[in-house]
Colleague: 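Okay, here's the structure, questions in a sec.
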Amino acid sequence: MPSAGEFPRENFENPFEPSRRLSRVGGIGPPKSLEAGCREINLFSKRLVSVAALMTAGALALAACGSPASAPSPAAPAQTEAGDGAPALLVGTAKANDTQPKTGDWATGSDGTPNTAEQTTARKWVQLMASEAGELNPVVVNGAGLTLYRFDKDTAKPSKSTCDGECAKTWPPVLVTGGSKIFLAGVKKSAVGTVERSDGTRQVTIAGWPVYRFAKDTEPGDTKGQGVGGTWFGVTPNGQKAGQDGSVTVPTTTTPSSEEQRPATSAVLFDGRNFSDNESSQGVAGNGCKNVTRPGVASSIAASGSVKIWSEKDCKGKSLSIDGDVADLAKVGFDNAVASVFFG
């Protein structure tokens with residue numbers, strides 16, 4: 001028998017032995033006696049004090065080497081508006097891309113016009129489409145069919161808008177954010193950009209020219225802003241003044257340009273000419289030869305680059321290589337004739 005105050009070594013459990021950690025430190029299994037439990041607690045406390053002392057010594061050593069005792073919290077990253085960056089440029093019209101109703105160019109306000117539309121909703125997307133309006137052909141219109149204009153007092157190189165304040169109420173600038181979409185039909189991607197206005201908003205440009213609506217144009221085809229003050233004119237797909245000498249027609253040629261001759265990966269075929277949303281449309285995308293769902297009905301095509309169109313399915317029959325958009329396939333001998341498209 002052990003003497004008073006002694007305890008058999010074989011009955012002492014070291015809580016720091018690996019075999020004991022799970023059962024003793026983890027709380028599984030009581031100590032074999034009250035005295036053993038007390039000894040274990042005392043020993044465990046001493047070990048914790050030793051570890052704490054070592055940690056303190058390490059911190060002091062780091063401080064002596066020139067390292068801070070505690071590193072400062074990193075500065076919070078600068079907050080940026082969601083969607084900062086360039087808007088997405090998409091081929092085809094908003095309708096052909098199944099865009100949400102009552103948003104973007106289709107948004108209206110309390111008076112039933114876009115002039116009072118909620119701006120966050122209105123800036124979700126805009127559309128730039130080569131079309132006709134009144135006697136202007138070609139002229140760029142938005143998704144609601146409203147004519148878009150340019151201002152002679154602005155500059156294109158560099159892009160700069162000078163229409164602010166009351167001027168901007170009469171001539172609302174076409175505005176986007178970084179998360180916006182810009183749908184293109186008959187307007188080349190290379191011609192489209194944005195410029196920062198004096199109030200920090202971003203305005204769409206065509207060939208460097210900031211573009212606007214006219215608040216008094218309320219119906220598709222209205223051109224009430226044409227020639228106002230001798231400085232406001234509808235804008236053409238290449239940024240020129242619509243209805244003036246030197247303005248160009250809607251592109252119908254198939255001659256590739258150095259900027260647009262990259263192979264397309266998608267195209268939208270419209271049943272009507274001039275990318276009309278008044279008739280049906282169909283999309284096609286991918287690599288290689290793709291058959292269209294409804295052959296022989298397209299009168300215009302919007303493409304993201306160069307494609308080859310064929311008169312029969314599986315890319316057979318008569319063919320024609322085109323680059324980008326063709327507003328009137330009749331002018332290139334392919335009206336109601338497209339059955340398949342080759343990408344690549």
Colleague: How many angstroms lie between CZ in Arg262 and CG in Asp323, if you round to the nearest 0.5 Å?
Modeller: 10.5 Å
Colleague: Could you check whether any side-chain heavy atom of Lys160 comes within less than 4.5 Å of a side-chain heavy atom of Val195, counting everything from C-beta outward?
Modeller: no
Colleague: Would you check if Phe214 and Asp222 make a side-chain contact, meaning some heavy-atom pair closer than 4.5 Å?
Modeller: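 Side chain of Phe214 against side chain of Asp222, heavy atoms only: no contact under 4.5 Å found.
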Colleague: I'd like to know if the side chain of Ser266 and the backbone of Ala285 have a donor-acceptor N/O pair within less than 3.5 Å.
Modeller: no
Colleague: Are the side chain of Glu118 and the backbone of Gly109 linked by a donor-acceptor contact shorter than 3.5 Å?
Modeller: no
Colleague: Per the side chain to side chain contact (heavy atoms under 4.5 Å, CB included) rule, which among Leu175, Val176, Thr194 passes with Thr201?
Modeller: Leu175
Colleague: Under 3.5 Å, side chain of Gln226 to main-chain N/O of Ala242, donor-acceptor pair present?
Modeller: yes
Colleague: Let's go through Asp335 and Arg273 carefully: what are the C-alpha distance in whole Å and the side-chain angles of both, what is the deciding distance for salt bridge (charged side-chain N to carboxylate O under 4.0 Å, His left out) to 0.1 Å, and is it a yes or a no?
Modeller: CA-CA 9 Å; Asp335 190 34; Arg273 68 186 186 89; over 6 Å; no
Colleague: Hey, would you say the Trp310 and Phe342 ring centroids sit under 6.0 Å apart?
Modeller: no
Colleague: Does the side chain of Thr99 come under 3.5 Å of the side chain of Asn97 through a donor N or O and an acceptor N or O?
Modeller: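 No pair is found: no donor N or O on one side chain lies under 3.5 Å from an acceptor on the other.
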Colleague: Determine yes or no for a side-chain-to-main-chain donor-acceptor pair under 3.5 angstrom, with Trp209 supplying the side chain and Gln240 the backbone.
Modeller: no
Colleague: Report the C-alpha separation of Glu279 and Ser276 in whole Å, then their side-chain angles, then the decisive distance to 0.1 Å, and conclude whether the side-chain hydrogen bond (donor to acceptor under 3.5 Å, both in side chains) test is met.
Modeller: CA-CA 6 Å; Glu279 300 179 56; Ser276 174; 4.9 Å; no
Colleague: Mind checking whether Trp232 and Thr170 have side chains closer than 4.5 Å, heavy atoms only?
Modeller: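 SC-SC contact between Trp232 and Thr170 ruled out.
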Colleague: Taking the side chain as every heavy atom from C-beta outward, state whether Ile322 and Val307 have any pair of such atoms under 4.5 Å apart.
Modeller: yes
Colleague: Contact between Arg213 and Asp105 at the side-chain level, heavy atoms closer than 4.5 Å - yes or no?
Modeller: no
Colleague: Counting N and O atoms only, with roles assigned by atom type, does the side chain of Arg150 sit under 3.5 Å from a partner on the main chain of Gly239, one being a donor and the other an acceptor?
Modeller: yes
Colleague: Using 30° and 60° as the class boundaries, would you call the ring planes of Trp125 and Phe183 parallel, tilted or perpendicular?
Modeller: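 Because their plane-to-plane angle is over 60°, the rings of Trp125 and Phe183 count as perpendicular.
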Colleague: Determine yes or no for a side-chain-to-main-chain donor-acceptor pair under 3.5 angstrom, with Ser159 supplying the side chain and Gly208 the backbone.
Modeller: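 Here the side-chain-to-backbone pair exists.
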Colleague: Taking the six-membered ring of Phe270 as reference, does the NZ or CZ atom of Lys95 fall below 6.0 Å from its centre and within a 45° cone about the axis?
Modeller: no
Colleague: Answer yes or no: is there a donor N or O on one side and an acceptor on the other, between the side chain of Asp271 and the main chain of Ser281, under 3.5 Å?
Modeller: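 Checked: no pair found.
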Colleague: For Thr147 and Asp217, which I'm curious about, is there any donor-acceptor pair between the side chains at under 3.5 Å?
Modeller: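 Per modelled atom types, Thr147 and Asp217 side chains form no pair under 3.5 Å.
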Colleague: With side chains defined as the heavy atoms from C-beta onward, is the minimum distance between Thr108 and Thr113 less than 4.5 Å?
Modeller: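 No - every pair of side-chain heavy atoms lies 4.5 Å or more apart.
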Colleague: So does Thr103 get a backbone contact from the side chain of Gln100, meaning a donor-acceptor N/O pair under 3.5 Å?
Modeller: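 Checked: no pair found.
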Colleague: Val126 versus Asn142: any side-chain heavy-atom pair under 4.5 Å?
Modeller: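 The answer is no; the side chains never approach within 4.5 Å.
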Colleague: Are a donor atom and an acceptor atom from the side chains of Arg123 and Thr177 found within less than 3.5 Å of each other?
Modeller: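 Thr177 and Arg123 do not have a side-chain donor-acceptor pair below 3.5 Å.
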Colleague: So, Gln127 side chain and Ala94 main chain: donor-acceptor pair closer than 3.5 Å or not?
Modeller: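 Yes: the side chain of Gln127 pairs with the backbone of Ala94.
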Colleague: Any heavy-atom pair between the side chains of Thr223 and Glu135 that's under 4.5 Å?
Modeller: no
Colleague: Does either side chain, that of Asn274 or that of Asp328, offer a donor lying less than 3.5 Å from an acceptor on the other one?
Modeller: no
Colleague: A quick test of your reading: do over 12 heavy atoms of other residues, nucleotides or ligands sit less than 6.0 Å from NZ of Lys224?
Modeller: yes
Colleague: Would you please indicate if the ring centroids of Tyr149 and Trp171 are separated by under 6.0 Å?
Modeller: yes
